[in-house]
Each structure stands twice: as C-alpha cells, then as structure tokens.
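Predicted model, so just to flag it, every value in this text is computed and none were measured. By convention in this document, chain letters (A, B, ...) are assigned in the order of the sequence lines, proteins followed by strands, and residues within each chain are numbered from 1.
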There are 4 protein chains.
Amino acid sequence: MPPTSINFKEQMSEVRRTQILLGAAKVFAKKGFHKATTKEIAKTAGISEGTIYNYFENKRELLVAMIELLALQPLKNIVNTDLSPTELLTAIIQDRYRLVKEQGYLLAPVIAEIFADTELRAYVYQKIIIPASSYLEHYIQANIASGQFRQVDPVLITRAFMGATMLNFTIKITQLDPRYDNITVDTMIEQLVPLFLNGIGGRD
Amino acid sequence: MPPTSINFKEQMSEVRRTQILLGAAKVFAKKGFHKATTKEIAKTAGISEGTIYNYFENKRELLVAMIELLALQPLKNIVNTDLSPTELLTAIIQDRYRLVKEQGYLLAPVIAEIFADTELRAYVYQKIIIPASSYLEHYIQANIASGQFRQVDPVLITRAFMGATMLNFTIKITQLDPRYDNITVDTMIEQLVPLFLNGIGGRD
Amino acid sequence: MPPTSINFKEQMSEVRRTQILLGAAKVFAKKGFHKATTKEIAKTAGISEGTIYNYFENKRELLVAMIELLALQPLKNIVNTDLSPTELLTAIIQDRYRLVKEQGYLLAPVIAEIFADTELRAYVYQKIIIPASSYLEHYIQANIASGQFRQVDPVLITRAFMGATMLNFTIKITQLDPRYDNITVDTMIEQLVPLFLNGIGGRD
Amino acid sequence: MPPTSINFKEQMSEVRRTQILLGAAKVFAKKGFHKATTKEIAKTAGISEGTIYNYFENKRELLVAMIELLALQPLKNIVNTDLSPTELLTAIIQDRYRLVKEQGYLLAPVIAEIFADTELRAYVYQKIIIPASSYLEHYIQANIASGQFRQVDPVLITRAFMGATMLNFTIKITQLDPRYDNITVDTMIEQLVPLFLNGIGGRD
DNA sequence: TATGAATGAGATTTCATTCAT
DNA sequence: TATGAATGAAATCTCATTCAT
C-alpha cells in the first residue's frame with residue numbers, strides 16, 4: 001500500500017478527534033463540564049458514545065485536550081514585529097478580544113474547572129497563562145532597561161493587564177451589564193491602553 | 001408562648017442554616033461543587049443528610065445561599081471615611097486580599113459555577129460585583145467631576161482594577177507561580193496603586 | 001431512646017444484608033458471577049439496586065461475603081466427640097454431602113471464581129479449606145502416633161479424601177452422569193470409607 | 001487450482017485457528033474468561049479482532065474449542081501397555097500432573113466456567129472426564145473380575161482417584177499451601193498409589 | 001425537627017461484534 | 001481473508017432527594 005494510505009488514516013483519525021472535541025466543546029459551553037453527558041457529546045459530534053473512548057481516555061481528557069487546543073492559539077497575531085507600546089497593547093487587546101469572542105466557548109468550561117481541579121489549574125497556568133504572558137513581560141522588561149518605563153514588576157503588571165482586560169471582555173461578551181452595550185473593543189482600547197501606559201510611565 | 005420563644009426558634013434555625021452552609025463551603029472548596037456529596041456535607045456540618053433539605057430546597061441552593069453570604073461581606077472595611085485616592089485603593093486592595101485569603105473557600109466554588117451556570121453568573125454580578133464596585137465607581141466619578149482624575153469611564157476602569165487585583169491575588173494565594181513567593185500584599189499595593197493612579201491621572 | 005432501639009436497627013441491618021446476600025446467591029447460582037447483573041440481584045432480593053451498595057462495597061464483595069457465610073458452616077456437625085475412624089469419615093461425608101446439597105448454590109459461584117481470581121482463591125483456601133480440613137488432619141495425625149494408621153502424610157491424605165468426595169458429590173448433585181442415578185450417599189459411604197480406611201491401614 | 005492448493009489453504013486455516021486459540025488460552029489463563037477481552041486476545045495471537053470472528057462464532061466458542069483441544073490430550077502416555085496396578089496409577093498421576101502443569105492455563109478457565117455454565121459442564125463431562133476415566137474404569141473392572149481387586153464401584157472409585165489427585169495437584173501448583181513446598185509428584189505417588197491400592201484391596 | 005435507609009434515574013465506561021475497506 | 005474503527009447495548013456504581021420513624 002502506498003504511504004499516502006497511512007497518511008490518510010492518520011488524517012482521518014485527526015479529523016475524528018477534532019470532530020469529537022468540537023462536539024464536546026459545544027456541550028461543555030452549554031451545560032458546563034459536569035452536566036454535559038457523553039451521550040449528548042456523542043450526539044452533537046455525530047458519532048456514537050463508544051467512539052469517544054477510542055480517541056480519549058475519559059471525559060476529563062476532553063477538557064485537557066481543549067486546553068492543548070487553546071494553548072496553540074493565542075500568540076499568533078501579536079508577535080515578531082516592531083511595535084510601539086500603544087500599538088502592542090492595542091494589538092494584544094484586539095487579539096485577546098477576538099480569542100474570547102471566538103473561542104470563549106472553549107475557554108469558559110476550562111476556566112470553570114480551574115477553580116475546582118488543582119491539577120488542571122496548574123496545567124492551564126503552565127500551558128496557557130505563562131506562554132500568553134511572556135511576550136508582554138519581556139517587552140516591559142526591555143523598556144524598563146531602556147528607561148522607557150518606570151521600575152515596575154513586569155510579571156505582576158502583565159497579570160494586572162490580563163486581569164483588567166479579561167474581566168471587561170467577559171462582562172461585555174456575556175452581556176452581564178447593560179452599561180456595556182455601547183462599549184466596544186475600541187472603547188476598551190481607548191480606556192485601557194492609556195491607563196496602563198500612563199500607569200507605567202510609558203511615553204509613546 | 002412568649003415572643004422570645006419564637007425569636008429563640010428563629011435564631012436556632014439561623015444558626016443551623018449557617019452551620020450547614022459552612023459545612024457545604026468546606027466541602028465545595030475541597031472537592032468543587034459537583035464532586036461534593038450531600039453525604040459529606042452533612043458529615044462535615046455535623047448533621048444528617050435529610051436535615052439539609054429542611055433548610056435548603058436542593059444542593060444548588062447552598063451555592064446561592066453562599067453568594068448571599070458573600071454579598072454581605074466585602075464593603076465593610078472600606079466605606080464611610082474621607083480617604084485620599086492612594087489611601088482608598090490601598091484600603092480596597094487590603095480588604096479584598098483579606099477577603100480572598102479568608103473567604104476564598106467560599107469564593108472559589110461560586111466562581112467556578114459562574115462559568116458554567118448563566119443564571120448564577122447574572123445573580124453574582126448583581127449581588128456581588130455591582131455592590132462591590134459601586135463605591136469605587138462613584139469615587140472615580142466624583143474625582144473626574146472635581147478635575148482630580150482624567151475623563152475615564154468609571155465602570156470600565158473599576159472593573160479593570162478589580163480584574164487586575166483579583167488575578168494577582170489568585171495566582172499568589174493558589175501558589176501557581178513561584179515568582180510570587182516573595183510578592184506580598186504590600187508589593188502589590190506598591191505596584192498597583194501607582195499604576196492606576198498614574199493611569200487615571202490622579203494626583204495624590 | 002432505649003437500647004433495644006439500637007439493637008433493632010442493627011438487627012434490621014443484618015436482616016437486610018442477608019436478604020441481599022441470598023438474592024445474590026440465587027442469581028449467581030443461576031447465571032454465574034459475571035453474567036449476574038446487579039439489576040437482577042436487586043429484583044431477586046426485593047430491593048432496589050442502590051440499596052445493594054449501602055451494604056456492600058461492590059459486586060465482588062457479595063462473593064466475599066458468601067465465602068464468609070460458608071466459612072461459618074462446615075464444622076458444626078462433626079466435632080468434638082469420640083468417634084471411631086469409620087464413624088468419623090461417615091459423619092464427614094454425610095455432613096459435606098448435606099452442605100453441598102443445601103448450599104451448593106452458594107458454593108458453585110465461589111468455586112468458579114476461585115479459578116479466575118488468585119486473591120479469592122487464597123482467601124477461600126484460608127477461610128474454608130484449611131478450617132474444614134484441620135479436624136481430619138489432626139485425627140489422622142493422632143492415629144498415626146498411636147499406631148492405628150500407617151505413616152501417611154495427613155495433609156495430603158486429607159485433601160485426597162476431600163477431593164474424592166467432592167468430585168463424586170458434584171457429579172451426583174449436578175446429574176452429570178446417569179450412572180449416578182442410583183448411587184446414594186450411603187453408597188458413597190460404603191465405597192469411600194473402606195477405600196480410605198484400608199488405604200491408610202486403619203483397623204476399625 | 002490443484003487439490004494441493006486446497007490442502008494448503010486448509011492447513012493455513014488450521015494453523016490460524018490454533019494461533020488464535022493459544023492466544024485466547026494465554027489471556028483466559030491470566031485474566032479469566034470474562035475479564036479477557038477480544039482486543040487482548042487478538043493482540044496476543046498477533047492478529048486483529050475481526051479475524052477472530054472469521055474462525056470462531058463468538059468468544060464462548062473459543063472456550064468450547066479449548067475443551068476440544070484438551071479432549072485430545074490426556075490419554076496419550078498411559079494406554080496400550082501391559083502395566084501392573086502400581087505402574088498404572090503411577091503413570092496416570094505422572095501424566096495428569098504433567099498435564100495440569102503444562103496445560104493448566106488451558107484447564108483453569110475451562111474449569112471455572114464449568115461451575116457457571118451448565119451446558120459447558122455437561123460438554124466437558126462427556127468430552128473430557130468420561131474419556132479420561134474410561135481406561136481406569138475398565139482396568140478396575142477387569143481386576144475385580146479376575147479377583148485382584150475387591151468388589152468396588154469402578155465409576156465411583158475412578159472419580160475418587162481423579163478428585164484426590166486433582167485437588168492435590170491444584171494446591172501444589174497454585175502454591176496455596178506452604179506445606180506443599182517440599183511435596184513432589186513422587187511424594188504424591190508414594191502417598192496416593194498405596195492409598196488406593198490398599199483401599200481397593202489390590203495386591204501388586 | 002432530625003434521621004438515615006431506601007430509592008432509582010442516570011452517568012461513565014467497557015467490550016463483543018459488525019462491516020466497509 | 002484481514003483489518004480495526006465504529007457501534008451501542010448493557011453493566012456497575014453514584015448520589016441527590018424522599019419519607020417513614
């Protein structure tokens with residue numbers, strides 16, 4: 001048999017895995033991890049219950065696989081360019097907002113379980129938070145060194161930025177507060193970028 | 001029977017309710033809401049399973065009651081004084097940190113479910129986030145009016161402040177990052193208060 | 001509450017345990033351990049499936065409990081009298097035959113699992129085989145010492161006697177061989193007692 | 001196609017059947033019939049799960065086929081010679097011990113199921129026990145006729161001999177009793193052969 | 001009001017068997 | 001004929017909730 005045949009099988013397997021994962025994500029998003037049943041996941045993914053277990057050890061592994069999927073995403077649109085502080089923070093906010101908007105259904109069940117599952121929490125911190133933060137951390141570090149920014153703690157400030165943006169995104173996207181109805185991403189950028197840049201003494 | 005008797009009964013009932021609630025909180029904190037069993041809650045609270053249902057409709061109501069309990073807490077130490085911006089933000093951080101540290105076991109299971117249960121999310125936002133934010137919102141509003149602060153959006157900035165502090169608290173308290181080992185609340189105050197005050201153009 | 005109330009509860013609990021155990025034994029006997037379902041056990045015992053698990057850790061514990069039940073039985077009718085060799089072997093055969101006949105439905109599923117479950121095998125050997133053998137072993141030992149019997153290995157000969165009787169009992173009771181139709185316990189006694197007594201050089 | 005081709009095919013088919021059967025036997029021996037999975041059987045036999053069903057109707061048929069395989073074995077080393085009683089019983093014990101030792105992994109799962117599956121029990125009795133017993137039965141019969149042995153029931157005594165030896169073999173081989181550590185087959189022969197020969201009044 | 005045994009619906013997971021390739 | 005992915009029925013076990021005492 002030609003080598004393409006092997007590739008074909010592998011590809012099919014990968015496709016099926018993703019199919020199951022997306023089904024799971026949909027149901028997790030709607031019901032939460034614990035109330036999501038494998039029966040509904042199977043139905044949503046268009047396969048039978050047993051098939052889930054040909055691709056994943058158990059239900060929890062679906063969540064872990066979702067974390068790995070998320071871990072591949074975030075950095076893409078930001079990196080490898082020569083941006084001014086304003087441009088960088090703007091780019092980060094835009095990217096994260098898009099991420100939360102588009103992949104929030106993947107994110108929400110993961111975040112929920114983080115608060116109940118210590119092991120998962122550590123895993124997410126290593127796999128997602130740290131990688132997603134490191135670019136900004138180093139950027140701040142470099143600008144402190146060059147005298148552009150005040151002497152702040154890059155780790156703490158980076159997480160402050162993440163916490164600040166993420167909470168606002170969440171409120172906006174889940175429509176928790178009617179006062180956010182006419183707050184757009186651009187509004188957030190207008191408000192949060194100067195907040196942080198002034199805050200760390202950055203001049204553009 | 002004399003009215004005092006009724007009061008006594010009511011008080012007893014209230015005591016028993018709290019006793020159950022604290023038992024539930026402990027188990028929720030250890031296992032998460034879904035993996036916590038009513039059997040273990042009863043044991044932890046020192047009562048029998050059936051008794052839980054004399055005071056609460058069902059398991060979920062324990063969570064709702066915990067939200068109400070939390071809603072009573074946060075404002076206490078901050079309000080009704082004449083504080084400078086630095087003093088206020090410092091006081092807020094200190095108070096919230098204490099809250100997260102002391103009542104994190106009440107908070108964590110509630111937050112976890114927020115991401116899985118839309119109805120609960122709205123309830124928490126109304127009962128906790130809005131009340132906990134309003135003082136700072138109005139404070140910022142007032143200082144904008146008096147020209148002390150720049151023209152910022154008080155709602156958005158208040159949530160930015162909450163998100164920034166809360167994420168840092170969580171990382172610290174759950175010991176997710178060894179780099180937080182020698183970051184104290186005071187470090188956080190040193191870093192975050194100037195960040196926000198400079199950020200909103202506040203002069204102390 | 002009076003102490004009898006406590007006793008009553010304990011007794012009820014014991015009754016329920018036995019009720020479940022007998023239900024399980026019936027189904028095990030009919031279907032074998034693995035094909036017996038907890039659903040059918042519950043139905044046979046006249047309780048709900050969940051109740052099984054209030055009294056037994058898991059399905060396998062039902063088997064273990066049956067072993068313990070069997071372990072209490074065998075010795076009763078034989079013991080502590082001054083019997084001649086013929087009388088003793090006759091008594092043993094009669095007692096064992098009765099046991100296999102009356103409790104064979106408890107025995108069969110246990111024996112079946114012995115061949116598949118090493119741990120269970122050891123447990124049965126310690127709990128049942130050894131106690132059930134020791135009286136005869138010591139009896140043989142004593143008669144060798146007094147010169148009544150030849151110098152034989154009491155352990156090996158005792159098990160030879162057990163194996164010889166048990167296989168014949170099984171064939172008889174399960175009606176595997178039509179030639180056993182007119183073989184009674186008395187026939188077996190007539191055949192097997194002299195076989196062993198002559199075999200070990202015993203004079204009555 | 002030439003007839004040799006058909007023979008070749010048939011032989012291949014027979015080889016494959018045996019290959020599967022030995023794989024099954026290994027897994028049955030390790031896990032017991034019910035806990036053995038077709039997946040593991042396939043892996044052990046070096047074929048795929050589906051292939052099993054090209055050669056056997058279902059999983060149970062593997063057990064039936066194993067019984068047939070066993071049915072071919074036992075008689076070999078004993079028959080068609082002119083042996084004295086002592087020589088014969090010695091030969092039988094040696095042969096059976098070897099059988100249990102070498103093919104115990106085939107035997108154990110079969111015996112286990114015998115106690116759970118009535119139909120299988122009857123089948124094994126017809127296919128294995130009766131053939132394995134008949135030679136000794138007739139031998140005893142003949143010696144009674146010639147006055148060498150007492151008037152005993154050959155069927156019952158033969159099974160007594162089988163039960164006696166088999167139980168001792170099992171205890172020895174499964175190492176259930178440390179007292180069997182220095183009991184060898186020769187010890188068993190020394191003990192059991194005189195036991196039975198004296199028992200049936202045989203003179204050598 | 002307190003108890004805790006009983007309930008039974010429902011969840012996860014396993015695995016013999018099928019069947020398209 | 002061989003493969004192994006897919007199936008889905010079925011099994012064990014859990015646990016929130018009820019209710020007789």
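In this structure, CG in C/L21 is found 7.5 Å from CG in C/L106, a value given to the nearest 0.5 Å. Note that CZ of D/R121 is 4.5 Å distant from OG1 of D/T118, once rounded to the nearest 0.5 Å. Rounded to the nearest 0.5 Å, atoms CG (B/L69) and CD1 (B/I128) are 9.5 Å apart.
Look at CD on A/E40: it is 11 Å from P on E/dT12, rounded to the nearest Å. Protein atom CD of B/E49 is 12 Å distant from nucleotide atom C1' of E/dT7, rounded to whole Å. Atom pair A/E61:CD and E/dT13:C1' shows a separation of 14 Å (rounding to whole Å applied). Computed from coordinates, the D/K39 NZ to E/dT14 P distance equals 11 Å when rounded to whole Å. Taking atom NE2 on C/H34 and atom C1' on E/dC15, their separation rounds to 14 Å, with Å as the unit.
Comparing A/N54 and A/K59 along DNA chain E, the residue whose closest nucleotide (by nearest heavy atom) sits nearer the 5' end is A/K59. For the pair A/T51 and B/A36, both in contact range of DNA chain F, the more 5′-proximal nearest nucleotide belongs to A/T51. Between C/T37 and D/Y55, it is D/Y55 whose nearest contact on DNA chain F lies nearer the 5' terminus. Along DNA chain E, the nucleotide closest to D/N58 and the one closest to A/T38 are compared, and the more 5′ of them pairs with A/T38.
Along DNA chain F, read 5' to 3', the first and last nucleotides having any atom under 4.0 Å from a heavy atom of chain B are F/dC15 to F/dT18.
At a cut-off of 3.5 Å, with distance as the only test, no side-chain donor of D/Y55 or D/Q19 sits close to an acceptor on the other residue.
By the 30° and 60° cut-offs, the orientation of the rings of A/F28 relative to A/F33 is perpendicular.
Among the protein residues, C/I47 comes within range of the sugar-phosphate backbone only, with heavy atoms under 4.0 Å from sugar or phosphate atoms but none that close to a base.
Stems are defined here as 3 or more consecutive Watson-Crick or G-U wobble pairs with pairing distances under 3.5 Å; those involving DNA chain F are E:2-21 with F:2-21.
Here D/E113 does not pair with D/R60 in a salt bridge; the nearest charged N to carboxylate O distance is not below 4.0 Å.
Side-chain atoms of B/K59 come within 3.5 Å of backbone atoms of B/A36 as a donor-acceptor pair (strictly under, hydrogens ignored).
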